[in-house]
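First up is the structure itself, then whatever we jot down about it.
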2 protein chains.
Amino acid sequence: MISHKIVPNISVDCVVFGFDFEKLNVLLVERELKDEKNGEILISDHTLAGYHIFEDEDLDSAASRILKGLTGLDNIFLEQFGAYGQLDRVSAPKDKVWFEHINKGFADRVVTVGYLALIDNTKVTLRLKDRNVSWFPVTTVSEMEMAFDHKFLFYEALQALQRKVKVEPIAFELLPDYFTLSQLQKLYEALLGTSFDKRNFRKKVAQMHYVIPLKKKQQGVAHKPAQYYLFSREVYEKTRKGRISFII
Amino acid sequence: MISHKIVPNISVDCVVFGFDFEKLNVLLVERELKDEKNGEILISDHTLAGYHIFEDEDLDSAASRILKGLTGLDNIFLEQFGAYGQLDRVSAPKDKVWFEHINKGFADRVVTVGYLALIDNTKVTLRLKDRNVSWFPVTTVSEMEMAFDHKFLFYEALQALQRKVKVEPIAFELLPDYFTLSQLQKLYEALLGTSFDKRNFRKKVAQMHYVIPLKKKQQGVAHKPAQYYLFSREVYEKTRKGRISFII
DNA sequence: ACACAATGTGTAATATGTACACGAACCTTG
DNA sequence: CAAGGTTCGTGTACATATTACACATTGTGT
């Protein structure tokens, strides 16, 4: 049984990425604080999905818990990208108000551990509407109002993602179980902000023996149907020479 | 002015690497706890260099402070490799004794942020002897007695180092300002536990325009003297195409 | 002057990266 | 049912990078 007694000065924040076959998106929570008397909106902006850890849970468990609550999914790809303990994390006046409100003066400075989560959009669509949580294109984040240092944390996560995606086959976490090569290419282009030549991209993928063509083809599309592919982690683990770069 | 009031449940631990032109070493602190009455040694093993953070300092500052105290050096390469908050970090009986002793029952579980530090051995040799701190070859760590989860943290740091060294020019942090290509090769071999062909290694380095030959040569060696080289971060920043891999 | 020890260099075969254009398959529309 | 629209899937020539492999050079020490 979990106590739910929080550790006041330690939190986790999750930067959850998703891909809609067009662009990369991030899951953000709408934050709203109303004046208790007149209902006037004091704060309205966005935060990452995060919360204090509980006294009897690991950092990883805390992040899993938050993601489960948000998406209903277990077994999401989840990896730390850093710990942040700047003294001025809560510096804007509005954040101070909020901080007082939720933190009840427990701690001056909260150290937060940032988690990068990658999820397959096709497996989660529903449970989001009933909460104040939604997807935002990563390209729009720069113009958004965000709480605390969450915009900074977001960019830290994005950088970590871009670094890792070149070296480990984690991009597949953002795709459904089977996918076309064009989808894979669009994903890498969205992740890295570049564009690739189709033939060269496919030549590269052909060397990755863990991206395996299926018999299945696309159906009901108004053009030549594409073949579906599969990412096999087993084959990846067995065949990697430590040399493969996912940079195209 | 720093208050020196500690945050009881947050610490940093530094895994400090050095290179002696032969092998990779790590800086460890000897830990000894004696019985207050009869002087009997209760614990004798090794820990990473770490301590609680202070209430009015950042995580990075705490790590810098610890390293400064240990080596007398500022401006050391320092990078987080992870945050660790397992509930059983202090599980062995001896560690519990120690924990009670230094922590005075303040907190049940300490979250520690791991820092990877790379230092140029030639700049620090002195100040270590007067403390219970010394260098150990990384290859011997597996057989050492270590406190808490510090052996685990060490291996986490080593893995992070091996990953990063392939992708960023951080190995140079372990070398003096100028160095020979043989030294550079030995370093990479020590870091990655492999060995390279001399000619191919040098061909690879020749592509790295930020490794610049000096006029200077070795002196007083009983063989053909080697040329010295320099790592230029400026040239690196300017000329990197995002493609260079430090994997040889 | 000779032995010793580490430095510094080239070539050929293979693999990888890059630039670039068009027919094929399926759906939609008139 | 023919024509048009859209995305899929493919090959070649050139430049660059990787790999495997052996010996003369330059200094010191005796």
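We name chains A, B, ... by the order of the sequence lines, and we start the count at 1 in each one.
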Q. In whole Å, what is the span from the CG atom of A:Leu214 to the C1' atom of D:dC8?
A. 16 Å
Q. What is the distance, rounded to the nearest whole Å, between atom CZ of A:Phe196 and atom P of C:dG17?
A. 12 Å
Q: Indicate for each nucleotide in nucleotides 20-30 of chain C, in 5' to 3' sequence, whether protein heavy atoms under 4.0 Å reach the base (B), only the sugar-phosphate (S), or nothing (-).
A: BB--BBBS---
Q.
Rounding to an integer number of Å, can you tell me how far B:Tyr228 OH sits from C:dT7 P?
A. 11 Å
Q.
From CG of B:Leu184 over to P of C:dT7, roughly how many Å is that when rounded to an integer?
A. 12 Å
Q) Among all residues two or more places apart in sequence or in another chain, which pass the side-chain contact (heavy atoms from CB on, under 4.5 Å) test with A:Asp177? A) A:Lys123
Q) Can you tell me how far C1' of D:dT25 sits from CD of B:Gln218, to the nearest Å? A) 15 Å
(Q) Over 60° means perpendicular and under 30° means parallel, so tell me whether A:Phe136 and A:His46 are parallel, tilted or perpendicular. (A) perpendicular
Q: Look at all strands and tell whether B:Gln227 reaches a base, only sugar-phosphate, or nothing, counting heavy atoms closer than 4.0 Å.
A: sugar-phosphate
Q | By side-chain hydrogen bond (donor to acceptor under 3.5 Å, both in side chains) - contacts of A:Thr112 (at least two apart) | A | A:Ser11, A:Asp13
May I have the list of side-chain donor-acceptor pairs in residues 217-228 of chain B shorter than 3.5 Å, sequence neighbours left out?
from     : atom 1 : to       : atom 2 : distance (Å)
B:Gln218 : OE1    : B:Ala226 : N      : 3.1
B:Gln227 : NE2    : B:Leu214 : O      : 2.8

Q: Please determine if a side-chain N or O atom of A:Ser182 lies less than 4.0 Å away from the OP1 or OP2 oxygen of D:dC8.
A: yes
Q) Are OP1 or OP2 of D:dT18 and a side-chain N or O of B:Gln207 less than 4.0 angstrom apart? A) yes
Name every donor-acceptor pair, under 3.5 Å, that has one atom in a side chain of residues 137-144 of chain B and the other anywhere in the protein, sequence neighbours excluded.
from     : atom 1 : to       : atom 2 : distance (Å)
B:Thr140 : OG1    : B:Pro137 : O      : 2.8

(Q) Applying a 4.0 Å non-hydrogen cut-off, can you work out what A:Thr180 is touching in the nucleic acid: base, sugar-phosphate, or nothing? (A) nothing
Q: For B:Phe201 and D:dT19, give me the distance from atom CZ to atom P, rounded to whole Å.
A: 13 Å
Q | Distance in angstrom units between A:Arg202 CZ and C:dT18 P, rounded | A | 18 Å
Q. What is the distance, rounded to the nearest whole Å, between atom CD of B:Gln185 and atom P of C:dG8?
A. 12 Å
Acceptor/donor pairs from residues 73-84 of chain A side chains to any protein atom, 3.5 angstrom cut, sequence neighbours excluded:
from    : atom 1 : to       : atom 2 : distance (Å)
A:Asp74 : OD2    : A:Lys68  : NZ     : 2.8
A:Glu79 : OE2    : A:Lys164 : NZ     : 2.3
A:Gln80 : OE1    : B:Ala83  : N      : 2.8
A:Gln80 : NE2    : A:Tyr115 : OH     : 3.4
A:Gln80 : NE2    : B:Ala83  : O      : 2.7
A:Tyr84 : OH     : A:Glu156 : OE1    : 2.5

Q: Give a yes or no on whether the ring-centroid distance for A:Tyr178 and A:Phe231 is below 6.0 angstrom.
A: no
